[in-house]
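Indexing begins at 1, ligand by ligand and atom by atom, following the structure's order. From a predicted model like this one, the values you see are computed outputs, not experimental measurements.
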Amino acid sequence: MIALFAVTDAGRRTAAELAPALGGQVRALDELPTLWPDLDGAVFLLATGATVRLVAPLLADKRTDPGVVCVDEARRFAVALCGGHEGGANTLATRVAAALGAEPVITTASDAAGSTGLGELVDLLGATVDGDAAAAGTALLDGTARVENPLGFPLPPLPTRTGEPRHTITISDRAAPGAAPGWTLLIPQTLVVGIGSARGATAAAVAETLRRVETEHGYDLRAVRAVASVDLKADEEGILAAIAPFSLTTFPATVLAQVPVPNPSDVVRAEVGTPSVAEAAALHCAGPGAELVVEKIKGDNVTVAVARVRPKGRLALVGLGPGAADLRVPRADAELRRASIVVGLDQYVDQVRHLLRPGTEVRASGLGEEEQRAADAVALAAKGHAVALIGSGDAGIYAMASPALEGAGADIDVVGVPGVTAALAASSLLGAPLGHDHVLISLSDLHTPWEVIERRVAAAAAADLVTCFYNPRSRDRHWQLGAALDAFRAHRPPTTPVGAVRQAGRAGQRVWTAALSDFDPAEVDMLTTVVVGSSTTRMVAGRMVTPRGYRWS
Ligand code: SAH
């Protein structure tokens, strides 16, 4: 039994809310000594100090003591206080945290290193667990689990094996004889069932044919993610009843007729307008790359076929922001921990190395190898890995996302995580220069001829847009910024504010402004973003402000 103990009103409310989520009971504190020997877990809605004093006299042996978790009054933290592994406190703290939206605080060695837990694996696979999840979870964190991933899901790094495997975790859609001690199955949602039938096929016949997917072909029906057919069958009662709670996804016969299948039928073509329903619907619904794992099975007036969705590799394009850790979005951290391979410029990798899970492969390379880096990241994802390609600011702004996606196919999943780009980091330091229409222009002629850049600069100047210059000036490109500012001088008052930020959000940050007539490009380098105001931009109390330009009342 899991018992929950509270003394304050807030604590009692939290305990009452938690008890059903944990399958536990709220008990009185004075019952603790009597309950202790039989407890599987104890959750205290108390400070750690108070909890330590209460349980200290009762603690005997880590192999027999229950896991002890305490939760602060504000419900911010669920602390696994003792019995982390063997008492299950780490798992319990994680469950409590999940139920309350709190942070689990876990301090035992392998967990503190931030290893991937079973719950996380289950969630990312959308899997059904068959077997002793608690034992599997403990073995995984202890480094005594062997994880079998024959379908090649792009998993995050798994805890390093520290000893002889005591538990096997198999990720599979193959029907197994059932979980055995020391063996847990994670059944992912990989299968799409296609069904065809004559009008009036019975639910019993459909169900019986479906069962043969498991009994004769060895696929676990718990791995089914969707059931598909032809439009004509959308209201076929026998099918709908047999597949509940799934709904039926249907496609026009003309679409299914285009799908190459191993067992087409002229009879079906004549009746329905496609030579295959079950096989074609399964394959079409499962999407590109799907494999027909069970060819058409014929039942009583019904046919069933099964396609397997191919797990795709995963590419996360992650912007780290300008540099300060607290300007990096939380989702970036999550994606870095989700990846088994992190690709990036060495200085950016160094910024986040401490966040990576043990076992993460790091591919750091130097400046000037952008295209190769992007191509490598895509190729690794195409091989089925979980890859994060990182860069500063936003990954999509003068950065790696474009070359990566130019070379990426539909065979990988892509996830973008926005980052705070230099223009935003700079503008928040300067004031509110982007309060009205604005434009970003890179002055680098590495990938763009200067004539094109010049035309765009002139257009921005003429259009009275606030303009942020990226890559404004380097040793070898020293005159372009001056030329760009001259273009603006032709269109804007000499008093127009120009702001500059060097190393925004990093050590050595410098912020300065000057009038357009006085701004000195020599102070600018490649680590600087320059913001030229529009004709309405003003300095107010030392801050650069571009009015919104319409009335508020
Ligand atoms: N992807 C990046 C931009 C890369 S281009 C982003 O979204 O921010 C590189 C240019 O960005 C630099 O030459 C500079 O103009 C600007 N930049 C990047 N980081 C900066 C920072 N921390 N402070 C000021 N400017 C920065």
Side-chain angles (χ1 to χ4, degrees), residues 316-329 331-332 335-336 343-352 365-371 373-374 377 388-406 416-431 433-434 438-448 450 453 456-457 460 466-482 484-485 498-513 519 521-532 544:
L317 301 164
V318 181
L320 301 180
D326 56 356
L327 288 181
R328 188 174 62 237
V329 306
R331 195 177 295 180
E335 283 298 337
L336 291 169
V343 182
L345 191 66
D346 27 27
Q347 72 197 68
Y348 302 139
V349 172
D350 288 342
Q351 260 179 46
V352 294
S365 48
L367 262 178
E369 296 169 45
E370 279 79 14
E371 282 177 38
R373 249 198 320 276
L389 177 59
I390 62 173
S392 84
D394 183 86
I397 299 185
Y398 307 124
M400 305 290 290
S402 321
L405 295 192
E406 277 179 278
V417 180
V420 174
T421 187
L424 298 183
S427 79
S428 58
L429 290 163
L430 289 164
L434 307 184
H438 53 274
V439 64
L440 312 183
I441 296 182
S442 165
L443 290 185
S444 166
D445 54 6
L446 205 60
H447 305 287
T448 312
W450 175 249
I453 300 173
R456 292 184 181 173
V457 168
V466 174
T467 303
C468 304
F469 288 117
Y470 282 60
N471 302 308
R473 188 167 180 275
S474 68
R475 224 171 4 153
D476 302 332
R477 267 191 312 103
H478 46 83
W479 56 267
Q480 284 86 342
L481 178 60
L485 291 173
V498 178
V501 178
R502 183 172 190 273
Q503 297 278 52
R506 300 181 191 149
Q509 170 181 299
R510 181 181 166 224
V511 182
W512 72 100
T513 56
F519 189 85
E523 289 187 62
V524 169
D525 65 6
M526 276 300 270
L527 302 171
T528 312
T529 298
V530 176
V531 184
V532 182
M544 196 173 165

Task: Non-neighbouring partners of Y398 that pass side chain to side chain contact (heavy atoms under 4.5 Å, CB included), sequence neighbours left out - done: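 Applying side chain to side chain contact (heavy atoms under 4.5 Å, CB included) to Y398 gives L440, S442, Y470.
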- [ ] Heavy-atom cut-off of under 4.0 Å around ligand 1: list whichever protein residues fall inside it, by chain and number.
- [x]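 Heavy-atom contacts below 4.0 Å: P322, S392, G393, D394, I397, Y398, A399, T421, A422, Y470, N471, P472, V501, Q503, A504, R506, M526, L527, T528, T529.
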Open item on the list: To check you understand the geometry: which heavy-atom pair defines the closest contact between G366 and L345, and what is its length?
Closed with: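 Taking G366 first and L345 second, the nearest heavy atoms are C-CD1, 3.3 Å.
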Task: T528 (side chain) donor-acceptor with V524 (main chain) under 3.5 angstrom - done: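 Such a contact is absent between T528 side chain and V524 backbone.
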Open item on the list: Would the distance check show the side chain of E335 and the main-chain N or O of R331 forming a donor-acceptor pair, the cut-off being under 3.5 Å?
Closed with: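 A pair under 3.5 Å: no.
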TODO: Report yes if some heavy atom in the side chain of R502 is under 4.5 Å from a heavy atom in the side chain of L527; otherwise report no.
DONE: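 They are in contact (side-chain heavy atoms under 4.5 Å apart), so the answer is yes.
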Task: Qualifying residue for side-chain contact (heavy atoms from CB on, under 4.5 Å) with C468, from I441, V531, V532, V530 - done: V531
